Undergrad: 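Structure below; questions to follow.
Heavy-atom basis, side chains included; hydrogens, waters and symmetry copies ignored. Computed from a prediction, not measured in an experiment: that's the story for all the values here. Numbers here are sequence positions counted from 1. Numbering of ligands and ligand atoms starts at 1, following listing order.
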Amino acid sequence: MKPIQVGLLGIGTVGSGTFAVLQRNQQEIARRAGRGIEIAMVADLDVERARAIVGEQIQVVNDARAVIANPDIDVVVELIGGYGIAKALVLEAIAAGKHVVTANKALLAVHGTEIFQAAHDKGVVVAFEAAVAGGIPIIKALREGLSANQIQWVAGIINGTTNFILSEMRDKGLDFDVVLKEAQRLGYAEADPTFDIEGVDAAHKATILSAMAFGIPVQFDKAYVEGITQLAAADIKYAEQLGYRIKLLGITKRTDKGVELRVHPSLIPAKRLIANVEGAMNAVLVQGDAVGATLYYGKGAGSEPTASAVIADLVDIVRLIDADPAHRVPPLAFQSHTLAAAAGALPVLPMAEVVTSYYLRIRVADEAGVLAQITSLIAGANISIDAVLQREADEIGGEGIAQTDLIILTHDTREGDMDAALARIQALPSVLAPITRIRKEELN
Ligand code: HSE
């Protein structure tokens with residue numbers, strides 16, 4: 001049978017990895033797929049560089065629409081990224097009856113509902129294993145391997161850049177700004193790292209995981225997003241002393257009231273396997289009612305790890321290309337006509353309704369009664385304290401007052417109640433600096 005014909009839109013890091021792995025492993029891939037997979041056409045603005053990667057045998061153009069218009073192309077692989085031209089091209093490819101493989105988490109988290117609907121109407125597949133956690137087959141696991149379960153929660157380290165930065169901050173006791181510069185020098189962080197360090201990339205991925213875990217539409221606009229830019233080396237050190245590591249987690253949880261969808265730095269017990277995921281690696285922990293906890297670990301980015309996911313999608317498409325579209329695996333794991341109703345029953349909760357526990361670092365005047373004042377405000381908000389750590393006075397302030405850090409760990413409470421308590425504590429004259437609040441997840 002004629003190999004399936006693939007058109008690549010963009011041949012940067014992931015595209016060149018896809019080309020290399022398809023060439024190197026072509027026989028085994030064809031044995032799995034039941035048919036060869038051939039890159040027949042490549043579109044890239046840098047035609048010369050693209051040609052240097054794929055050689056003279058493959059048609060290289062600088063116009064992505066020429067790939068979409070080519071009737072011989074069966075599958076379009078979108079590796080451009082972003083919400084702009086990529087969205088138009090994906091929708092045009094679908095309209096032209098092409099199956100689509102994309103690594104574009106931003107596009108799917110924001111415009112997924114429109115894109116999946118268009119693909120459904122046209123009877124084509126939109127596959128996106130590479131969009132979340134690179135080479136880790138977490139999409140496949142959620143969509144197929146765990147389909148017996150009611151998923152209770154998913155928590156993931158799903159941004160390698162920030163995990164690399166946090167690991168370096170902990171190892172070397174350095175502040176965020178210093179480590180970010182080093183990460184940029186080493187190529188772990190981009191020149192403009194905003195999407196990574198502000199948590200946006202992780203929130204795109206968490207949005208997709210949330211939709212797949214609970215059978216609701218993608219709702220990036222409802223995600224709570226907080227990055228790692230405000231984290232101080234002191235907090236990482238104190239967390240360590242209390243038996244915790246700080247990680248940027250993407251969390252989505254089913255509760256009686258709805259779904260939590262949030263990305264923020266989190267203390268997690270150092271003894272958990274996921275707490276020991278270091279450097280640029282990714283890991284996703286999924287809790288299902290039948291299976292219990294399952295953990296998926298691997299490279300979340302990079303040329304061949306991400307290509308591994310792209311090619312797995314191509315193999316799936318080859319296997320199912322002749323199937324009746326109604327019998328294909330639904331992209332978000334649940335039958336698409338059920339998503340909207342589920343969104344009504346399981347709304348994404350505002351952050352004030354999220355229930356979690358907290359680490360607080362409060363810079364205070366080291367005077368009699370300060371601890372009692374603070375703990376009584378916490379108790380007054382009906383928040384239960386788990387542990388208190390007070391360091392020796394470490395600094396003499398301008399008025400000759402000794403200062404210290406008071407560290408408080410709480411039990412679970414509503415975020416709205418914690419906000420109210422923190423506003424009252426912050427207003428105390430003995431509180432000398434903005435309070436640091438980091439959420440804490442036991443993940444058990
Ligand atoms: N920039 C991402 C990360 C990889 O650092 O994990 C692509 O999503």
Undergrad: Between His411 and Thr413, do the side chains contain an N or O donor and an N or O acceptor separated by less than 3.5 Å?
TA: no
Undergrad: Side chains of Lys2 and Glu38: closer than 4.5 Å at any heavy-atom pair?
TA: no
Undergrad: Going by atom types only, do Thr294 and Tyr296 share a side-chain donor-acceptor pair under 3.5 Å?
TA: yes
Undergrad: List the protein residues in contact with ligand 1, where contact means a heavy-atom separation under 4.0 angstrom.
TA: Lys105, Asn159, Gly160, Thr161, Asp196, Asp201, Lys205, Ala301
Undergrad: Got Thr255 and Val355 here, is their nearest side-chain heavy-atom distance under 4.5 Å?
TA: no
Undergrad: Answer yes or no: are there more than 12 heavy-atom neighbours, outside Tyr188 itself, under 6.0 Å from its atom OH?
TA: no
Undergrad: Are there over 12 heavy-atom neighbours, none belonging to Leu273, within less than 6.0 Å of that residue's CG?
TA: no
